[in-house]
Amino acid sequence: MEIFLALLGFLSLGLIVWLLLKDYTTPAIAFIGVSMIVAGLLLLLEKLGFGIGVALGVKGGVFDIATLVVFIKDGVKSVTNTAALFVFSILFFSVLNASGFFTKIINACLNKMSANVYKVVILNVFIVVLAHLDGSGASTFLIVIPALLPIYEYLGMRKTSMLLVTAAAMGVMNVIPWGGPTLRAASIIGIDPNLLWQQIIPIQIVGLFLALALALWVAKCEVKRGAGANNLSGVNFSIQKSEFNNERWFWINLVVLIGVITLLVMRVFPSYVCFMIGLCIVLPLNYPNLKIAKKVLDQSSAGAMLMYITLMGAGILIGVFDKSGIMKQMGAFILDFVPNGLGVYIPWIVGFLAVPMAIIFCTDSYFYGIMPIVLSITQAFGVDPMTIAIIMVVARNCATFISPVVPATLLGCGLAQVNIKDHIKRSFFYIWGISIICLVFAGIMGII
C-alpha cells in the first residue's frame, strides 16, 4: 500500500504540472481539484478496507473525513501568513506606484540621460530594482520597457540586450519575501518568508553586482557593434504619469517605504503586519478622498486576490499530500533507488539544473510539484529544509523571466517586440551563469 500511495502522489503531482503547463486551468483550481479527487479516492479505499490510515500512519489507524478536515486545516493554516503578506505588500506598493512615487524617481533619471551606452544599461538595472520592489513581473516590464525602449532604439542598441539586462536584474530582485517564488517556498516549509529572505540577502547582493557586471558587459558588446552614435541631448524621454498621480507627499512616502523595509529586516513584527502599517499610512496620506482611494485599491486588487486564491489552493494541496504523509511515502519510494553517497548532492544537482528546468516548468509547478519531492528525499539524508528552499529559490529565480511558461516573460517580449526564442537564445547562458555563481557563493559562505 505504501508503494501505491507513493505512485498516486507522483501521478497526482504530475497531473497538476501537466494541467499548468498546458494552461488548461488556473493553479488554484488544479491544486484544489486534484487534491479533492485524491482525498475522495483515499476515503473510498479506506471504506473498502485497504488500510489507508494504517499505511499513512494516521492516529488511530483510520483515515476518515474528520482526519481529512484536520489535514486540510493544517495545510491552509500553514499558508495564511504568506497569503496576507502578498496581499498587503501588493496593495502597499500599488498605492505608492499610483501616486507617482516611482515615476518621479525614474523620470528624474531619464531627464539626465546622456549619450552613453554604459549609463543606459546602469540605469536599466536601477529602474528594474526600483520597479520590481512590488514583486510583480508584469508591472516591472510595463514600467521598464516603455521607458527604455526608445532610448535603446535611438542609440542603436539591440532590444534583446534590454531584455537580457532586465531579466537578469528582475531575477535577482525576485527573491524579496513578498515575491512569488519566496512566498511559495516559505509556505511549503512552513516558515515566515521574511526569515527565508534574510538568509538569502547576501546572495541577493552578490546577484545584483553580477547583474550590474552583466549589464556593463552587454554595453561593451553594444559599443563594439557601433551603438551610441546618436546624441540624446534635447530628446525627451519620460514615463506617463498615473491618472491618480499625487507627488506632493513624495518624501513622506520615501520615509514610510524605508521604515517598512527596516521593520522587515529588524523582524519587529510579522512581515504582513509591516505592510499593513505601511498601507494604513500611505493610502489616506495620498488619497484622503475615499472614492479615489477605493479606485486605486481596485486597480491592484485583482492581481492580489488571484495570488491569494492560489496560495489558499496550495494550502489544500499541502494538507492532502504533505500533512497526510503521502509526500513521505513518495520520498521513501525514491530513496530506494538513490545510493547513500549521492543523496547529499541532490540539492546541488537540483540547483544547477534549475535554469534549464525553468524553461519547462512554471513557477507553481516547480515549487508545488518538484520542491515537495526534493524535500522528502533530502530530509532522509539530514538536509535542512531551509537549505533546499534557499537553493530552489535562488537558482530558479534567476531564470524566471526567460521562461516561456511565465506569463510576464511573454508580456515583456511583446512590449519589446522580441520573439521569445530570440530572448531565450540571447539570455539563457548568461542567466544560467549568474545562477551557478550565486549557488557557489552561497556554498563558500556556508549559507547552504
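What you see is a predicted model, and the numbers here were worked out from it, not measured in a lab.
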> With sequence neighbours excluded, tell me which residues meet side-chain hydrogen bond (donor to acceptor under 3.5 Å, both in side chains) with Thr67.
Asp64

> List in chain and number order the residues that pass ring-ring contact (aromatic ring centres under 6.0 Å, His included) with Phe275, two or more places apart in sequence or in another chain; answer none if no residue qualifies.
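Residues passing ring-ring contact (aromatic ring centres under 6.0 Å, His included) with Phe275: Phe92, Phe93, Trp178.
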
> Treating Ser427 as the side-chain partner and Ile424 as the backbone partner, does any N or O pair qualify as donor plus acceptor under 3.5 Å?
no

> Are Tyr287 and Val95 close enough that some pair of their side-chain heavy atoms sits under 4.5 Å apart?
yes

> Contact between Leu257 and Asn253 at the side-chain level, heavy atoms closer than 4.5 Å - yes or no?
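They are not in side-chain contact.
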
> I'd like a table of donor-acceptor pairs (distance under 3.5 Å, sequence neighbours excluded) in which one partner is a side-chain atom from residues 431-448, with atom names and distances.
| from | atom 1 | to | atom 2 | distance (Å) |
| --- | --- | --- | --- | --- |
| Trp432 | NE1 | Phe352 | O | 2.8 |
| Ser435 | OG | Ala395 | O | 3.4 |

> Heavy-atom count around Ile65 CD1 within 6.0 Å, excluding the residue itself: above 12?
no

> For Val260 and Cys274, work out which heavy atoms get closest and say how close.
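Shortest heavy-atom contact: CG2-O, 3.8 Å.
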
> Which pair of non-hydrogen atoms, one from Ala185 and one from Leu196, has the smallest distance, and what is that distance?
CB-CD2, 4.0 Å

> For a 4.5 angstrom cut-off between non-hydrogen side-chain atoms, does Phe321 reach Phe71?
no

> To the nearest 0.5 Å, what is the distance between CD1 (Ile127) and OG1 (Thr166)?
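The distance works out to 9.0 Å.
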
> Please confirm whether the backbone N or O of Thr182 pairs with a side-chain atom of Trp197, one donor and one acceptor, at under 3.5 Å?
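No, because the side chain of Trp197 does not come within donor-acceptor range (under 3.5 Å) of the backbone of Thr182.
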
> Taking salt bridge (charged side-chain N to carboxylate O under 4.0 Å, His left out) as the cut-off, I'd like each qualifying pair that reaches into residues 184-209, sequence neighbours left out, listed once.
Arg184-Asp364

> Suppose we screen for side-chain contact (heavy atoms from CB on, under 4.5 Å). Which residues come up paired with Ile205, at least two apart in sequence or across chains?
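For Ile205 the side-chain contact (heavy atoms from CB on, under 4.5 Å) partners, ignoring immediate neighbours, are Ile201, Phe209.
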
> Anything under 3.5 Å between a donor and an acceptor, one on a side chain of residues 169-177, the other on a protein residue two or more places apart or in another chain? List them.
| from | atom 1 | to | atom 2 | distance (Å) |
| --- | --- | --- | --- | --- |
| Asn174 | OD1 | His132 | NE2 | 2.8 |
| Asn174 | ND2 | Asn397 | OD1 | 3.0 |

